[in-house]
Every structure is written in structure tokens, then in C-alpha cells.
Amino acid sequence: SSGINAEYGGARIVICTHITAQSAVLVETLGACGARVRVCSCNIHSTQNEVAAALAESGISVFAWKNMTEKDFWWCIDQCVRGDFDDLNETAVTTEKALGPNMILDDGGDMTQYMATNCPERFAKIIGIVEENVDGIHRLYNLSRAGKLPAPVMNVNESVTKTKFDNYYASKESITDAIKRSTDSMLSGKLVVVCGFGEVGKGCAAAFSGVGCVVMVTEIDPICAIQACMQVRYSILESGWIEEKTFEDWLSHRHFPNYRSKRAKG
């Protein structure tokens, strides 16, 4: 209806996320609600080319393809944020024929960081930011502390529908499928170490246990560690790591020389 189509009228959204059939539903829904969108990928490997092609055929500007180079990745983000939206609103009181974005939907913070660094004049006109990933939230905190955040931010990563449903159930569905697709190997009987027993860790541990893996869990929170002891076969409490190590130090390049050949890390 005209009421639905006007819901997001005036919204000019640049989106940087995984371009899959699922995210395409979001893009098409925003368009159906009156928003104008431009889309690029947040990951060089995850784009489903047939989905990107279908979105482009429907008239949406898409900058992404599967297995891009890193140079291509940044080119796509640049094209997405620097491109203009034609002013299709005939009732708009403006003499401008082309307008830049006024909202960002990001997954990981790459687009937000790029726009803040390379297009500050456009970034200053942003009125709202939605971030889906904890790494992106850390970047936004840094921008906020530096006084460079121009607009309110919605932290989707901490919404209850994300933490209680997507983190547990979607991780539980996708983790074994992703490893099977990428390694072409059987999982039953494999030893799996799950680092952390929050909602994502619980879902992953349940999935691996369900296909016959031997599951070990490392955890620094005592409550989550007790839950791990009661739910999985083995658990390890690393009580000193929270003071001694940052998040990115849990598994770093210095650990990989000790890996046996053909081990998988996710």
C-alpha cells in the first residue's frame, strides 16, 4: 500500500553485509518500504553471485562478487558510499538532483570506518548507523571516544532477538554445515575445541555433540564454565586469561606453527 511504501521514504541507505538470499530479503523489504539502497559485501568470499545478480536486475545498485581480491573489496565499498541516489521523490523540497547516503547498515564496521576516513563530508551527513557485528561496535566506540561519530548507533549485536536466537540457533545450524562444505570431511569422532560458552559457544557445542564429535570447551566465566561442565563431555576453565590477554590474543599467528596438517579453525 502507499502507506507501507512511504514508511522509509527519504531513507538513502548504504549496506555492507553478506550478500545472500537471506540478506536479500532485508534489502528488498527496505525497498518495498520506500527506502533507496546501495549494497556491497562485507566479506570477499561470501557473496552468492546469483543473489547479487538478481538484486541488480531488480534495479538495486550492487557492488560485490564471490572471491573478490582485497583491492576489489575496498573498491566496491568506495563505489557504494561515493555513489549518489537520484531524487525520485517528486514532492521533495530540494533543488538537488542527486543525494548521498543518510544511513549506514554495516556488518563489521568496514564501511563506517572507510566513510569516516575517506569521505568525511558524506559521513557528517549520516543520521543513523546500524551495526551487526561486535568488531564493528568496537570501531564505533573508538569513533565515539574521538568525537567523530555523527549519528546515533543501533547495536543489533546486543538485541535480544540476536543474542537469544541468532547467536544460539543460527550458529547451531550453520557451524557444522560450513565446516562440512569447506573441508569435505566427516565430523563424527573429531575432537573439537569451542573457545567460550556464551550463546554462540553453546549452540556450536550442541551442534558438534549432535553429530558425534568429542567436544572440549574453554571458558573464563565461572558460571558459563559450570554450564559447560554440565552440558558437554569435557570443559576447561582458563581462569587467568581475562586479565592477561585481550580478545584477539586467544588464538593468534604464533599458535599456528603448532597445528597439525589439515586441522580446521573457525
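This structure is a prediction, so every number in the text was calculated from the model and none was measured.
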Does the side chain of [Y] come within less than 4.5 Å of [X]'s, by heavy atoms?
{"X": "Asp78", "Y": "Asn118", "value": "no"}
{"X": "Ile13", "Y": "Leu30", "value": "yes"}
{"X": "Leu187", "Y": "Thr176", "value": "yes"}
{"X": "Cys204", "Y": "Lys172", "value": "no"}
{"X": "Phe85", "Y": "Val14", "value": "yes"}
{"X": "His18", "Y": "Asp107", "value": "yes"}
{"X": "Ile60", "Y": "Val27", "value": "yes"}
{"X": "Ile19", "Y": "Leu55", "value": "yes"}

Just how far is it from atom [atom1] of [X] to atom [atom2] of [Y], taken to the nearest 0.5 Å?
{"X": "Arg139", "Y": "Ser144", "atom1": "CZ", "atom2": "OG", "value": "16.0 Å"}
{"X": "Cys33", "Y": "Glu28", "atom1": "SG", "atom2": "CD", "value": "12.0 Å"}
{"X": "Leu140", "Y": "Leu149", "atom1": "CG", "atom2": "CG", "value": "6.0 Å"}
{"X": "Ile137", "Y": "Asn157", "atom1": "CD1", "atom2": "CG", "value": "7.0 Å"}
{"X": "Thr112", "Y": "Glu131", "atom1": "OG1", "atom2": "CD", "value": "6.0 Å"}
{"X": "Phe208", "Y": "Leu191", "atom1": "CZ", "atom2": "CG", "value": "11.0 Å"}

Quick check on the hydrophobic clustering: are Val211 and Val194 connected, directly or via other members, by side-chain heavy-atom contacts under 4.5 Å?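 In one cluster with Val211: Val194, yes.
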Consider only side-chain heavy atoms of I, L, V, M, F, W and Y, link residues closer than 4.5 Å, and tell whether Leu26 and Phe165 are in one cluster.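 Cluster IDs for Leu26 and Phe165 differ.
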Worked verdict on Val134 versus His138 for side-chain contact (heavy atoms from CB on, under 4.5 Å): CA-CA 6 Å; Val134 66; His138 290 160; 3.9 Å; yes
Apply side-chain contact (heavy atoms from CB on, under 4.5 Å) to the pair Asp110 and Phe73, showing each step before the final yes or no. CA-CA 10 Å; Asp110 288 321; Phe73 172 79; 3.5 Å; yes
Can you see which heavy atom on [X] is nearest to which on [Y], and at what distance?
{"X": "Ser171", "Y": "Val200", "value": "OG-CG1, 3.7 Å"}
{"X": "Phe197", "Y": "Lys202", "value": "O-NZ, 2.8 Å"}
{"X": "Met111", "Y": "Ile77", "value": "CA-CG2, 4.1 Å"}
{"X": "Ala207", "Y": "Ile175", "value": "CB-CG2, 3.8 Å"}
{"X": "Cys119", "Y": "Val81", "value": "SG-CG2, 4.1 Å"}
{"X": "Met68", "Y": "Cys76", "value": "SD-SG, 3.7 Å"}

Sorted by first residue and then second, give each side chain to side chain donor-acceptor pair (under 3.5 Å) pair with at least one member in residues 47-65; sequence neighbours left out.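 Every side chain to side chain donor-acceptor pair (under 3.5 Å) pair that includes a residue of residues 47-65, provided the two are not neighbours, is Ser41-Thr47.
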Sequence-distant partners of Ile226, side chain to side chain contact (heavy atoms under 4.5 Å, CB included), two or more places apart: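 Per chain and number, Ile226 pairs via side chain to side chain contact (heavy atoms under 4.5 Å, CB included) with Met230.
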Do other residues, nucleotides or ligands put more than 12 heavy atoms under 6.0 Å from Glu173 CD?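 Check fails, neighbour count at 12 or below.
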Could you tell me whether the side chains of Asn67 and His45 share a donor-acceptor contact shorter than 3.5 Å?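 Side chains of Asn67 and His45: pair found under 3.5 Å.
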Checking side-chain polar atoms at under 3.5 Å, does Lys125 have a donor or acceptor matched by the opposite partner on Asn102?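 Looking only at side-chain atoms, Asn102 and Lys125 do not form any donor-acceptor pair under 3.5 Å.
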For the salt bridge (charged side-chain N to carboxylate O under 4.0 Å, His left out) test, which of Arg38, Arg12, Arg122 pairs with Asp84?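 Testing each of Arg38, Arg12, Arg122 against Asp84, the sole residue satisfying salt bridge (charged side-chain N to carboxylate O under 4.0 Å, His left out) is Arg122.
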Quick one, Gln113 with Asp106, criterion side-chain contact (heavy atoms from CB on, under 4.5 Å). Give me CA distance, side-chain angles, the key distance, then yes/no. CA-CA 10 Å; Gln113 191 70 49; Asp106 209 354; over 6 Å; no
Are any of the side-chain nitrogens in Asp177 or Arg181 under 4.0 Å away from the carboxylate oxygens of its partner?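 Salt bridge: yes.
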Audit row: Val192, Val214, side-chain contact (heavy atoms from CB on, under 4.5 Å) steps and yes/no: CA-CA 6 Å; Val192 177; Val214 178; over 6 Å; no
